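Quantities reported herein were computed from a predicted structural model and do not represent experimental measurements. All residue numbers refer to positions in the sequence shown, counting from 1. Only heavy atoms go into these numbers, but all of them, side chains included; no hydrogens, no water, no symmetry mates.
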Amino acid sequence: MNIDIDLNLSAFANATKYFDLKKASAKKEERTLESQGKALKSTEKKTMATLKEAATIHSIKKARKVLWFEKFKWFVTSENFLVIGGRDAQQNELLVKKYLRPRDVYMHAGKL
């Protein structure tokens, strides 16, 4: 290893200069390792947060399509017939004119 020696300085001054340079480079190395550890931990946290968010997004289920009769009052009987009723007179009229087929059964309850 080649070492430059300043002839204007004493042997002790030259040794002190190189000792100080070694000490400064050791501190730089230590700070670099610390910042590397912090950066690694920060990156791990961000990655875990991203994975957690991706898992949450992945677990969201697609909403099912709303069926046409769900805007009315409805239920399925034990004999597996669909019973539909309007919420008001306007919906009853819509059911009769738009959705009723020739073989469907229609009942109306009027006031006495």
Side-chain angles (χ1 to χ4, degrees):
M1 179 187 302
N2 293 332
I3 299 175
D4 294 328
I5 297 176
D6 188 358
L7 297 177
N8 294 330
L9 298 176
S10 66
F12 181 76
N14 277 312
T16 304
K17 181 175 108 176
Y18 282 108
F19 178 75
D20 290 342
L21 286 174
K22 185 212 176 283
K23 195 174 180 182
S25 66
K27 281 186 182 182
K28 270 188 180 179
E29 181 183 5
E30 185 180 322
R31 286 194 312 260
T32 303
L33 291 175
E34 285 177 8
S35 64
Q36 175 189 6
K38 288 179 184 177
L40 185 61
K41 285 181 184 179
S42 173
T43 305
E44 284 178 354
K45 282 183 182 180
K46 286 180 183 177
T47 304
M48 294 304 274
T50 304
L51 288 174
K52 197 174 194 180
E53 183 180 323
T56 303
I57 290 171
H58 182 68
S59 68
I60 296 173
K61 294 181 181 178
K62 190 175 181 181
R64 69 174 180 81
K65 187 176 179 182
V66 177
L67 300 172
W68 66 269
F69 55 84
E70 290 187 35
K71 59 185 169 187
F72 305 105
K73 291 184 178 182
W74 66 277
F75 66 92
V76 178
T77 65
S78 57
E79 291 84 24
N80 211 22
F81 290 112
L82 177 64
V83 179
I84 305 171
R87 296 183 187 274
D88 53 23
Q90 186 179 10
Q91 279 192 344
N92 285 334
E93 192 71 26
L94 177 69
L95 275 170
V96 171
K97 291 190 181 212
K98 188 173 181 180
Y99 296 107
L100 214 60
R101 296 187 198 147
R103 294 188 49 140
D104 290 340
V105 177
Y106 172 74
M107 286 193 251
H108 185 275
K111 292 183 181 178
L112 292 177

Side-chain heavy-atom pair I5, Y18 within 4.5 angstrom cut-off | no
Side-chain contact, heavy-atom cut-off 4.5 Å: K41 with K45?
->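 Sidechains of K45 and K41: no contact.
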Distance (rounded to the nearest 0.5 Å) between [X] [atom1] and [Y] [atom2]:
X   : Y   : atom1 : atom2 : result
L21 : T16 : CG    : OG1   : 11.0 Å
E29 : K22 : CD    : NZ    : 9.0 Å
I84 : K71 : CD1   : NZ    : 10.5 Å
K73 : Q91 : NZ    : CD    : 9.0 Å
L7  : N14 : CG    : CG    : 8.0 Å
K17 : I3  : NZ    : CD1   : 10.5 Å

K38 backbone acceptor or donor facing S42 side chain under 3.5 Å = no
Test side-chain contact (heavy atoms from CB on, under 4.5 Å) applied to Q36 and L33, step by step | CA-CA 5 Å; Q36 175 189 6; L33 291 175; 3.5 Å; yes
Joint hydrophobic cluster, [X] plus [Y], side-chain heavy atoms closer than 4.5 Å:
X   : Y   : answer
F12 : F19 : no
L95 : W74 : yes
V76 : L67 : yes
L82 : F75 : no

Is the CZ atom of F81 crowded by more than 12 outside heavy atoms at less than 6.0 Å?
->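 No, because the 6.0 Å sphere around CZ of F81 holds 12 heavy atoms or fewer from other groups.
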Given side-chain contact (heavy atoms from CB on, under 4.5 Å), test Y99 with F69 step by step and report yes or no.
-> CA-CA 9 Å; Y99 296 107; F69 55 84; over 6 Å; no
Which heavy-atom pair separates R101 from D104 by the least distance, and what is that distance?
->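 That would be N-OD2, 2.9 Å.
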